[in-house]
Peer 1: 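Starting off with a structure, shown below.
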Amino acid sequence: MRYSHKPYGLGFTLLELLVVLVILGLLASLAGPQVLRQLGGSKTKTAALQIKELSTALDLYRLEVGRHPTTSEGLEALISAPAGAKGWNGPYLNKKSVPKDPWGNDYQYRSPGQHGEFDLMSLGSDNQQGGSGEAQDVVSWE
């Protein structure tokens, strides 16, 4: 008796490849929006953490100088001493510049604030007040 060894499974048929591509497409269409939603949420969480870090630096500035930086001095006062800031012992941030929010925009700073000694906020992905989801404002007073 002779056995013939035919090589099976050396390749895929076009139909098999199309079925796999359709399945991958369906999985991507179901999982894609969830992944994007999580990425948006993580940027909002990052902004909240950066606001806490900046708030801590602002409080340390107040302890040493006796006041928070004015609105006109801004967050730059955490990096370099503004004129007349006696007791300034900074820089109060580990970075050489004030960080931008996760969407690449400047943080909004006001002192004195309307909600506390200072107001610090990110305007979200749309860089405009208000909004929801990824476009929502992230603030220091809530």
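Index from 1, following the sequence.
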Peer 1: Should we count CD of Glu16 as having more than 12 external heavy atoms under 6.0 Å?
Peer 2: yes
Peer 1: Can you tell me how far apart CZ (Arg110) and OG1 (Thr70) are? Round to the nearest 0.5 Å.
Peer 2: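 One finds 14.0 Å between CZ of Arg110 and OG1 of Thr70.
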Peer 1: Starting at OG of Ser140, measure out to CD of Gln50 and round the result to the nearest 0.5 Å.
Peer 2: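 Here the rounded value is 13.5 Å.
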Peer 1: Say whether Trp88 and Tyr109 are linked into one hydrophobic cluster, either directly or through other cluster members, by side-chain heavy-atom distances under 4.5 angstrom.
Peer 2: yes
Peer 1: Grab the two heavy atoms, one from Ser122 and one from Ile51, that are nearest each other, plus how far apart they are.
Peer 2: N-CD1, 4.0 Å
Peer 1: Evaluate side-chain contact (heavy atoms from CB on, under 4.5 Å) for Val65 paired with Lys86, printing each intermediate quantity in order.
Peer 2: CA-CA 6 Å; Val65 177; Lys86 293 180 180 165; over 6 Å; no
Peer 1: Could you label the plane-to-plane angle of the Tyr61 and Tyr92 rings as parallel, tilted or perpendicular, counting under 30° as parallel and over 60° as perpendicular?
Peer 2: perpendicular
Peer 1: Give a yes or no on whether the backbone of Leu54 and the side-chain of Tyr107 come within a donor-acceptor separation of less than 3.5 Å.
Peer 2: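 Flag not set: sc Tyr107 to bb Leu54 has no pair under 3.5 Å.
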Peer 1: Would a 4.5 Å heavy-atom cut-off, applied to side chains only, mark Pro69 and Phe118 as touching?
Peer 2: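 Side-chain contact under 4.5 Å: no.
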Peer 1: When you check the gap from the basic side-chain N to the acidic O, do Arg67 and Glu117 get nearer than 4.0 Å?
Peer 2: no
Peer 1: Roughly how far, to the nearest 0.5 Å, is CD1 of Ile79 from CG of Asn94?
Peer 2: 9.0 Å
Peer 1: Nearest 0.5 Å, please: how far is OG in Ser97 from CG in Leu75?
Peer 2: 11.5 Å
Peer 1: Is there a side-chain contact between Met121 and Gln129 (heavy atoms, below 4.5 Å)?
Peer 2: yes
Peer 1: Using the rule that Ile, Leu, Val, Met, Phe, Trp and Tyr join whenever any side-chain heavy atoms are under 4.5 Å apart, tell me whether Val19 and Leu27 fall into a single cluster.
Peer 2: yes
Peer 1: If you round to the nearest 0.5 Å, how far is CG of Asn127 from CG of Asp137?
Peer 2: 9.5 Å
Peer 1: Specify the closest pair of heavy atoms between Asp59 and His68, including all atoms of both residues, with the distance to one decimal.
Peer 2: OD1-NE2, 3.3 Å
Peer 1: Quick check for you: to the nearest 0.5 Å, what is the distance between Asp101 atom CG and Leu123 atom CG?
Peer 2: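 Interatomic distance, Asp101 CG to Leu123 CG, rounded to 0.5 Å: 8.0 Å.
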Peer 1: Between Asp119 (side chain only) and His115 (backbone N and O only), is there a donor and an acceptor less than 3.5 Å apart?
Peer 2: yes
Peer 1: With the side chain counted from C-beta on, respond yes when Leu58 and Ser111 share a heavy-atom pair under 4.5 Å apart, and no when they do not.
Peer 2: no
Peer 1: Testing the basics here: between Gly124 and Asn105, what is the closest heavy-atom pair and its distance to 0.1 Å?
Peer 2: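 Closest pair (atom of Gly124, atom of Asn105, distance): O-ND2, 3.7 Å.
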Peer 1: Check whether any side-chain heavy atom of Val98 sits under 4.5 Å from a side-chain heavy atom of Leu78, and report yes or no.
Peer 2: no
Peer 1: Mind listing the closest non-hydrogen atom pair of Leu93 and Pro99 along with its distance?
Peer 2: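 Scanning both residues, the minimum pair turns out to be CD1-CD, 4.1 Å.
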Peer 1: Please test Glu53 against Lys95 for salt bridge (Lys or Arg N to Asp or Glu O under 4.0 Å), starting from the C-alpha separation and ending with a verdict.
Peer 2: CA-CA 12 Å; Glu53 177 186 354; Lys95 301 162 182 82; 3.2 Å; yes
